[in-house]
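Structure, as structure tokens:
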2 protein chains.
Amino acid sequence: MAATETLTAERILEATEEVLRRYGPAKATVVDVARVLGVSHGSVYRHFRTKAALREAVTERWLEGTITELRPHAEGTGPADERLTGWLTALFALKRNKAGGDPELMATFQVLIGENSAVVDRHVEHLVDQIARILADGVREGVFAAVEGEEVVTTARAVFDATDRFHDPAHAADWSAPDIETAFAAVVALILRSLRRA
Amino acid sequence: MAATETLTAERILEATEEVLRRYGPAKATVVDVARVLGVSHGSVYRHFRTKAALREAVTERWLEGTITELRPHAEGTGPADERLTGWLTALFALKRNKAGGDPELMATFQVLIGENSAVVDRHVEHLVDQIARILADGVREGVFAAVEGEEVVTTARAVFDATDRFHDPAHAADWSAPDIETAFAAVVALILRSLRRA
DNA sequence: CCGATGACAGATTTCAATATCTGTCATTCA
DNA sequence: TGAATGACAGATATTGAAATCTGTCATCGG
């Protein structure tokens with residue numbers, strides 16, 4: 001039956017993503033989303049209180065994808081220094097490929113990011129947590145120099161901040177520069193030299 | 001004589017800055033600049049080939065100010081690790097205060113930066129040079145671990161990239177966060193731990 | 001003679017009328 | 001009964017005509 005599957009939040013989110021991809025953040029409307037789903041826009045409002053809430057939910061979905069794909073690197077086995085390198089490299093690659101090389105989609109993503117700083121803050125917290133876990137493991141293994149208590153999170157945050165240029169969408173335009181890989185490797189090397197046991 | 005001082009490139013640049021401050025980057029026109037100077041806009045075009053060239057020159061002036069104010073920190077005496085800390089702190093402070101806490105002026109600055117990436121690239125090269133000089137001094141002093149030849153510039157670039165979040169105007173909005181000082185200190189500590197001789 | 005002028009063409013921006021969208025809700029329909 | 005609808009008011013976006021701006025250049029005046 002080509003007819004009515006039930007209208008779920010999930011289906012609305014998929015449709016919203018499609019509309020955002022196709023028309024961009026400025027022109028994507030709730031009416032468009034409803035049209036894609038073949039329902040009236042009133043029905044969309046039954047599932048999402050406002051257009052802003054709908055866009056926030058899409059943003060959350062997108063960011064959750066990154067967390068999920070990184071978890072294996074955070075939890076993997078092997079020396080902590082190698083895991084950290086792998087994790088940072090994977091994060092860079094994921095952010096870079098998020099749009100599959102499409103700069104318009106990247107721009108769309110950036111707009112949503114800018115609209116939903118609370119969601120982004122939670123996302124960053126998760127990422128810093130993953131780094132902190134790797135650091136703690138490294139200290140236990142004796143690969144990284146000891147850090148005390150709360151300081152692990154501060155240091156994890158510093159690692160995250162120091163690699164900002166390689167994961168913050170604000171810098172996406174630089175990610176096709178020819179020497180970006182070299183710059184990334186140099187920062188990672190700098191960080192690892194700092195963390196490793198003397 | 002309140003009358004005609006000669007019209008110089010310098011006077012035009014000053015007037016352009018004033019117009020940019022007053023009207024912002026979107027509404028600042030060459031006609032406005034000419035009006036401030038009490039001349040016809042044709043006269044402005046005798047000194048700057050296009051509006052873009054005029055704005056580029058203003059951008060260059062603004063950035064040169066930073067370089068000049070940092071030079072003492074780069075050339076100062078004292079242990080290289082302290083000089084590096086001082087230099088990074090000064091850079092952060094300068095960028096933060098560039099607009100004197102005025103977010104509109106900061107936004108204006110960001111627009112000009114975005115329009116003139118070639119100028120910015122040269123600016124960044126100068127800054128990285130200053131870092132490289134401090135690093136080389138540190139190695140000579142025995143404060144920093146030895147690095148070989150070309151690698152000094154790569155490392156200097158890594159230090160610059162790692163502190164990006166604290167000097168790139170793209171992040172200006174974050175610079176009033178309550179824990180920004182802590183984050184900055186943590187990144188600087190991370191970097192210095194990496195550079196210092198074992 | 002040489003810098004300054006202002007009229008001009010084409011490009012860009014502004015503004016106000018018009019159309020579309022957001023969010024609500026009384027009503028429909030299964 | 002509870003999900004879906006579509007008409008509606010106020011907010012936002014689009015559009016095209018009018019105004020302004022950019023960049024040029026023949027002309028002016030000291």
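Letters A, B, ... are given to chains in the order of the sequence lines, protein chains preceding strands, and every chain is numbered from 1.
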A:Asp137/A:Arg83 salt bridge by N-O under 4.0 Å criterion: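 Here A:Arg83 pairs with A:Asp137 in a salt bridge, since their nearest N and O are under 4.0 Å apart.
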Salt-bridge contact B:Glu115-B:Lys51 (side-chain N to carboxylate O under 4.0 Å):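 Here B:Glu115 does not pair with B:Lys51 in a salt bridge, since their nearest N and O are not under 4.0 Å apart.
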Can you give me the closest heavy-atom contact between [X] and [Y], atom names plus distance?
X: A:Gln130; Y: A:Ala74; answer: OE1-CB, 3.7 Å
X: B:Gln110; Y: B:Ala172; answer: NE2-CB, 4.1 Å
X: B:Gly138; Y: B:Ala80; answer: CA-CB, 3.2 Å

Whole-Å gap separating P (D:dG23) and NZ (B:Lys51):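 In whole Å, D:dG23 P and B:Lys51 NZ are 8 Å from each other.
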Aromatic ring pairing B:Phe166/B:Phe92, orientation class (parallel under 30°, perpendicular over 60°, tilted between):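 Ring orientation, 0 to 90° scale: perpendicular.
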Sugar-phosphate only, base, or nothing, as touched by B:Val30 at under 4.0 Å among non-hydrogen atoms: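 Result for B:Val30 = sugar-phosphate.
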Using atom names, set out every protein N or O paired with an N or O of nucleotides 17-20 of chain D below 3.5 Å, distance rounded to 0.1 Å.
none

All side chain to side chain donor-acceptor pair (under 3.5 Å) counterparts of A:Lys98, not counting sequence neighbours: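 Side chain to side chain donor-acceptor pair (under 3.5 Å) list for A:Lys98, sorted by chain: A:Thr66.
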Connected via hydrophobic side-chain network under 4.5 Å: A:Val188 and A:Trp175: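 As far as the 4.5 Å side-chain criterion goes, A:Trp175 and A:Val188 are connected within one cluster.
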Position toward the 5' end of DNA chain C (nearest nucleotide), A:Arg35 or A:Arg49: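 In this pair, the answer is A:Arg35.
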Nucleotide N/O of nucleotides 3-14 of chain C paired with protein N/O under 3.5 Å:
unit_1 : atom_1 : unit_2  : atom_2 : d
C:dA4  : N7     : B:Arg46 : NH2    : 3.3
C:dT5  : OP2    : B:Ser40 : N      : 3.0
C:dT5  : OP2    : B:Ser40 : OG     : 3.4
C:dT5  : OP2    : B:Ser43 : OG     : 2.7

